[in-house]
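Structure first, then comments.
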Amino acid sequence: MTLAEAQIQIAELTENANRFNHLYYQESKSEISDFEFDQLLSKLQELEQQFPTLAQPDSPTLRVGGIVTKSFESVAHQYPMLSLSNTYSEGELLEFDERVRKSIGPQFDFVCELKYDGVAISLIYENGLLVRGITRGDGVRGDDVTANVKTIKSIPLRVNDENLPARFEVRGEIFMPFKEFERINKEREDIGEPLLANPRNACSGTLKMQDSGVVARRKLDCYCYYLLGENLPFTSHSEALHAIKNWNFPVSDAWKTCVEAKEVLKFIEHWEKGRFELPVATDGVVVKINNLSQQEDLGFTAKSPRWAIAYKYKAEAAVTQLLSVSYQVGRTGAVTPVANMEPVQLAGTKVKRASIHNADEIARLDLRIGDFVFVEKGGEIIPKITGVDLSKRTPELEPLVFISACPECGSPLMRIEGEVAYYCPNVYGCPPQIKGRIEHFIQRKAMNIDSLGPETIDQLFQKGLVNTPADLYKLNFEQVSQLDRFAEKSARNVIEGIEKSKQVPFKQVLFGMGIRYVGATVAEKLAGHFGSLENISKASFEQLLEAPEIGEKIAQSIVQFFAEPRNTAYVADLKLANVKLEEEGGQEIESEKLNGLSFVISGVFSQFSRDELQDKIKANGGRLVSGVTGKTNFLVAGENMGPSKLEKAEKLGVKIIDEQAFLDMLA
Ligand code: IVH
């Protein structure tokens with residue numbers, strides 16, 4: 001392909017991808033399947049890699065990430081990012097109205113918006129193109145997080161409009177939607193990673209990640225609320241909001257122009273409850289003077305604009321007594337403290353339990369049984385203890401000491417260096433760990449045995465019928481029908497559900513096996529790369545690292561898993577049970593001619609598609625790796641292959657062969 005041909009193709013693919021993206025995200029329509037869309041993007045990505053000079057700064061491939069920022073550059077804000085003065089009372093709000101009136105006279109409107117609790121961002125556009133995304137930082141300088149910002153699908157990479165200012169800045173709040181926060185935490189729970197504390201922290205942590213590919217997978221979103229620039233063609237803030245909405249910026253509909261203070265109070269009242277329906281945490285209402293020249297007249301103090309004020313809703317908090325702390329042991333053995341409290345009414349529900357994240361949190365709060373504690377409901381679903389009312393503390397209360405033995409099996413607890421959690425090391429003997437592994441195994445994303453639940457698993461375990469997930473396949477109808485409250489029909493359902501699970505694809509089995517850090521996505525990558533459990537179990541640490549997205553922590557955990565004799569028996573049982581331990585399709589074995597050899601393929605081939613060539617390598621016992629290293633045996637080079645791969649292969653002395661030479665190896 002010539003440069004000119006590539007240019008045309010890239011332009012075409014870009015236009016299509018942008019159109020589909022726009023349809024999907026702005027109009028909630030889709031004209032092609034996710035799969036087709038992914039194909040389109042990977043084609044574009046491949047061309048961009050082959051012809052790096054043609055890669056566009058607004059390419060839709062930037063949405064999926066791939067750029068790694070080693071350290072974020074600190075840059076100065078053109079307009080400082082100020083804060084807002086806060087008020088908690090209607091009285092103070094009326095004083096604000098009064099101050100404004102004194103300063104600019106009685107003729108003015110307000111715009112009321114919600115105050116979003118995320119991470120402030122400044123988005124800079126030049127000639128319609130997003131050139132930089134900068135965090136607030138200290139207000140004067142912030143971090144350049146452009147690559148990460150570009151993965152946020154609602155933020156336009158390019159704005160098309162006839163009257164677009166040559167340079168402008170849009171400010172808004174990046175946030176992690178509640179649903180996404182819950183999804184990620186569920187996934188982290190599944191693989192034994194510590195949970196993210198709340199959506200706000202999760203969002204700011206995500207935005208500072210080095211690998212934009214990871215950022216892309218955590219679906220952050222944004223609400224924009226401020227347009228800045230020189231000589232903008234608008235006279236009011238409401239006009240500017242309409243304009244940026246028209247330019248496809250995400251602007252929440254939760255805003256209103258109000259002509260008098262009474263209306264502002266109504267807005268505040270309306271959203272006090274309504275805000276809980278939004279996808280993002282909010283903690284108040286921002287009241288702004290609408291007219292831009294009036295804003296200018298009012299000006300700024302050193303810290304905040306005089307033309308705006310934030311009314312903060314009172315945090316939903318309550319005081320209650322801490323009665324006891326219980327300790328829960330999870331599937332991975334991690335021990336989590338939970339506070340049991342005198343029941344108290346909070347944000348519409350009765351609350352009697354709160355999470356305390358770990359031992360450090362107990363020490364930080366200096367919690368004592370009998371203390372009166374403040375509980376709040378933030379963005380999280382489970383309320384948390386935010387502090388102790390020391391004025392109510394009586395002298396006899398003693399500091400709470402974290403347990404030193406497992407509450408379930410009595411084993412002395414351990415702490416792993418660098419981790420805050422305490423663990424019960426009795427992996428194969430501690431009941432909640434054993435049952436937890438089985439519960440993990442049967443879940444929908446794994447073996448999908450929905451006729452089983454925690455109670456049945458508990459019974460099966462108590463009766464000594466199951467100890468590992470693989471034991472489920474040894475159960476018979478008689479054993480199940482003897483369980484408490486089991487009619488014939490439900491027993492049959494259980495047996496049928498277990499039988500049916502033998503059909504779930506290998507990647508789900510692998511996820512269900514419960515190897516630490518191997519979540520659903522990692523399992524899919526491993527299954528695709530290695531093709532079978534056999535291959536994964538035999539792979540060395542280095543070979544595991546060659547698989548896409550597998551880092552040292554995961555590789556280490558996999559090696560450890562297969563080194564444990566009990567897991568060898570577990571795997572043998574799964575094999576006997578006939579669950580799928582290999583990828584389906586394209587995996588027929590043709591020969592063992594390429595056994596032990598690793599291949600990188602690059603470019604376009606005449607006799608095969610890339611997929612066919614990959615299948616051919618695997619079918620003959622070879623291994624595919626994504627990047628050239630000193631350990632790679634062959635680089636199969638096609639037409640138009642990327643120059644960097646070629647250069648690297650030459651430098652490292654990796655054998656470079658063409659399609660025909662590859663076929664000759666198999667002959
Ligand atoms: S306007 C000069 N509008 O609150 C201030 N800010 O405490 C211009 N925030 O840094 C900001 N929602 O991160 C504005 N609707 C909204 C907002 C909002 C949240 C944040 C923003 C700002 C902080 C100030």
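Order of appearance sets the numbers: ligands from 1, and atoms from 1 within every ligand.
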How far apart are the C-alpha atoms of Arg393 and Asp366, what are their side-chain angles, what is the distance that settles it, and do they pass the salt bridge (charged side-chain N to carboxylate O under 4.0 Å, His left out) test? CA-CA 11 Å; Arg393 175 173 285 171; Asp366 181 24; 3.1 Å; yes
State, yes or no, whether a side-chain contact exists between Arg158 and Tyr125 at a heavy-atom distance under 4.5 Å. no
Side chain or backbone of Lys288 under 4.0 Å from ligand 1, or both, or neither, by non-hydrogen atoms? side chain
Return the residue, atom name and 0.1 Å-rounded distance of the protein heavy atom closest to atom 21 (C) of ligand 1. Tyr225 OH, 3.0 Å
Please state which protein non-hydrogen atom is closest to atom 12 (N) of ligand 1 and give its distance, to 0.1 Å? Tyr116 N, 3.1 Å
Quick one: does ligand 1 sit under 4.0 Å from the side chain of Lys115, the backbone, both or neither, non-hydrogen atoms only? both
Option of least heavy-atom distance to atom 2 (C) of ligand 1 (set: Pro80, Pro305, Ser122): Pro305
Determine whether the side chain, the backbone, both or neither of Val286 has a heavy atom under 4.0 Å from any heavy atom of ligand 1. side chain
Give the ring-plane orientation class for Trp247 versus Phe234, where under 30° counts as parallel, over 60° as perpendicular and anything between as tilted. tilted
Proximity to ligand 1 by part of Leu114, non-hydrogen separation under 4.0 Å: backbone
Does atom CD of Glu15 have more than 12 heavy-atom neighbours from other groups under 6.0 Å away? no
Are any of the heavy atoms in Met81 under 4.0 Å away from ligand 1? no
The protein heavy atom nearest to atom 13 (O) of ligand 1 is Glu173 OE1, 2.7 Å
Taking atom 7 (O) of ligand 1 as the reference point, the nearest protein heavy atom with its distance: Leu84 N, 3.4 Å
Once the angle between the rings of Phe168 and Phe249 is folded into 0 to 90°, is it parallel (under 30°), tilted (30 to 60°) or perpendicular (over 60°)? perpendicular
Is Asp360 paired with Arg364 through a side-chain N to carboxylate O contact shorter than 4.0 Å? no
Are any of the N or O atoms of Glu113 closer than 3.5 Å to those of ligand 1? yes
So, are Lys245 and Asp161 salt-bridged, with charged N and O less than 4.0 Å apart? no
Pair Arg171 + Glu169, salt bridge at N-O below 4.0 Å: yes
